[in-house]
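We use all heavy atoms of the structure for the numbers below, so side chains are in, but hydrogens, waters and symmetry mates are not. Chain letters run A, B, ... following the sequence lines, proteins first and then strands; every chain starts at 1.
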Amino acid sequence: MNNEQVEYLETENIIDENKLRLIVRKIIELENENVKTKDFNDDAMKKKIAKIIEEEIKCC
Amino acid sequence: MLLKKITLYNFRPFKGKHEIVFSTDKEKNITLVMAENGSGKTTLAKAFQWVLYGKMEGFKYSSALNKLVEKEMLAGTSETVKIELELSHNGKDYTIVRTQEYRKDINENIKAENSILDVISKQDDGQTNFSNTLKNSTLVSSILPELLSKYFFFDGERIDTMAKEVSIGKSEEFKTAVQNLLGLTALMKSIEHLNPNSKDSVIGRYNSQIDALGDKQTRDLRDQIYKASENIEKNNKRIEQIKEDVEYYKSEIAKSIRKIESFAEAEKAQKHLNKLNAELAHEKEYKRNAIVNLMSNFSKETYSYFSRKLIKDALEFLKETDHIDKGIPGVRAETVKHLLARKKCLCGADLTEPTCQEVRELIELLKFIPPQSLSTSIKDFVDKSNGSVRNSSNYYKNMTTQLGVIRQCSTNIDEKENEIGDIDQNLLKTSNSEITYLKNRQIDFERTLKARIEELNNLKADNIVNEREKSNAEAEINKLQLKIQRNQSIEIQRQYAKAAYDMMKMTYDFEENKTRENLEAEINNLFKQIYAGGMRIDVDEKYRITTYVDELGDDNANIDSNTAKSFSIIFAFIVGVINLAKKKVNDKNNENAITDEYPLVMDAPLSSFDQRRIKNICSTIPNIARQVIIFIKDTDGNIAKEEMKEKIGIEYEVALKDRELPLDSNITKVGEYYNVQ
């Protein structure tokens, strides 16, 4: 197995299940709120979702 | 959503200002509005549709303006119809106002302007906010979608129409509305925003970022992946279409073959018919010959047969006498006459003397020699008689045999003629000219089917190739990307986004199935309570309802046979939806259960039921929605009032001010049985 393959495999195992669940919960809360208020369009929502993911990964 | 108050201004039979405050109490959650006939009960029930959506359906005249007001208008003036509906939704207070101006021209014609919708909401800080006019309809739809509204503003007089709507299912809209109600819209939107197959989704953007940091090779590989994904999606759509076509063509080909076979049967029948005709002709010929033989036999041998006894007796007699064979062979009468004439016998005896012994004997001999030979005649007779007896010995057997043949031929002929008759009848029904048409049609369809199947196989093969290309490109990209350190953090985010997408997709599919099954269970449970009778309801993936009668077993007849059952279907469905929504609100463990409850507004809900079922329904009604508003005829209302008295929060009466004038009604509060907040 060469270095490239090792690197690839290591990245494969990066998901922390608890963190993932938290991310999903936050995304759904965001979407629910927007369903009611319709404050943000699709583009804005995608940015917000990306922000949630980025922040949760950085955190802890 | 909770309705708080409705205020009407000059709306149809309600001249001036009228208002109804709705009970929002949790225990006494029913608002009962009893109305005498013609006073505007249905108008009140439909007022919600007008204020929310500007719709005025099911009335003889479509004008919203009170007729008395209209009559009293001067030319060149205008009057306004207005309804204000105060409600709360998802914790926010709204006042929805619809206004419509009517103008009377100089010719006394009334013209309606377009109605205007305003939505006023109260901010958390108490400030009033007027929403953007352009957004008002959208805002109202988000509170209660119009299609769904028919099930919450329940018109009992439109049962059949509603039953058909539910059964044919304006399904996509209804499904969306139900999803909104049950809180699945947010999940759907999340999935859409994360979709890895879209360039512009969250994951798509991660891909673009990574590609931007990477080299051209990475970008090309990414394009390959998107292109492959698009091709796969396009192919899948076409595959679905082809599958439908294939089913259609197979079915048509089978039909054509069956039809042709029925004609092939006719062709076979024709050949058989020809054969039968030939056999018939043969039988007739055979019979004819048999008759000829019989007649011939009859004419030849009958005399002998019936004379047998006599002949036998004669032969017996002749045997006993000595008359046979007295002649001299070869000696004829001419010979004797010649000898007598020459007066000298062959032996030389003198025959001159006619009385001599020799002459007497010669004369006696004449009796026994031809042509006048008696013995020869007798001998001939005996010979012939013996022959006749011999020949006629088989007469009876022959006659019997020939008669049997004739009889059998007759039977055969009858049978064949009957069979021929039947075949002829059947052949009359077919037309050989159709066979050619059907055969050509079959060939065309088979050709098309073959082409479709070939296309299907090609598309499937193409999908395999695309999947492989996609998979290879993804693997290549992963290898390339990980070489660049900067990509790693974006890659991690992308991985989480993909994992989130997968989790949500799985959850959504699971939740939707579960929700639908729960809805079906709710409906069936309620259906039994309202209309017990061995019936059940199925809710399919498009939220259409099919009703089955259990006693018919596997015979799934779609029942909408009577008004009460149709009503029960709609009622149970609405109640099921509301019940389910209520359960989800109360289920704190459900992280998706951030949704609102809805009221149930019913117009004449009990008019189709007998008293027993009214009691059943009345016991169910208060528990099915957070808030129930009932507009009811006074005749049914008294029963409802009695059955639901513990649950009635506010009661109103609607009556005509003047029974002779059905244009001016009054709404009067009869009682208030809880503390109004």
Note, Met188(B) side chain near Glu31(A) side chain (heavy atom, < 4.5 Å):
no
Give, for atom CE of Met503(B) and atom CD1 of Ile28(A), the distance between the pair rounded to the nearest 0.5 Å.
9.5 Å
Portion of Ile203(B) that has a non-hydrogen atom of chain A nearer than 4.5 angstrom:
neither
Interatomic distance, NZ@Lys58(A) vs CD@Gln493(B), rounded to 0.5 Å, equals 7.5 Å
Does any N or O in the side chain of Tyr496(B) come within less than 3.5 Å of the main-chain N or O of Asp16(A), such that one atom is a donor and the other an acceptor?
yes
Do other residues, nucleotides or ligands put more than 12 heavy atoms under 6.0 Å from Lys38(A) NZ?
yes
Side chain, backbone, both or neither of Leu20(A) within contact of chain B (heavy atoms, under 4.5 Å):
both
Evaluate the side-chain proximity of Asp42(A) to Glu192(B): yes if any heavy-atom separation is below 4.5 Å, no if none is.
yes
Please say which of Ile15(A), Ile57(A), Ile53(A) ends up in a side-chain contact (heavy atoms from CB on, under 4.5 Å) with Ile492(B).
Ile57(A)
Is Asn34(A) close to chain B through its backbone or its side chain, or both, or neither, when contacts mean heavy atoms under 4.5 Å?
neither
What distance do Glu54(A) atom CD and Ser489(B) atom OG have between them, rounded to the nearest 0.5 Å?
8.0 Å
Between CG on residue Asn32(A) and NZ on residue Lys189(B), distance to nearest 0.5 Å:
12.5 Å
Lys46(A) side chain near Leu194(B) side chain, heavy-atom distance below 4.5 Å:
no
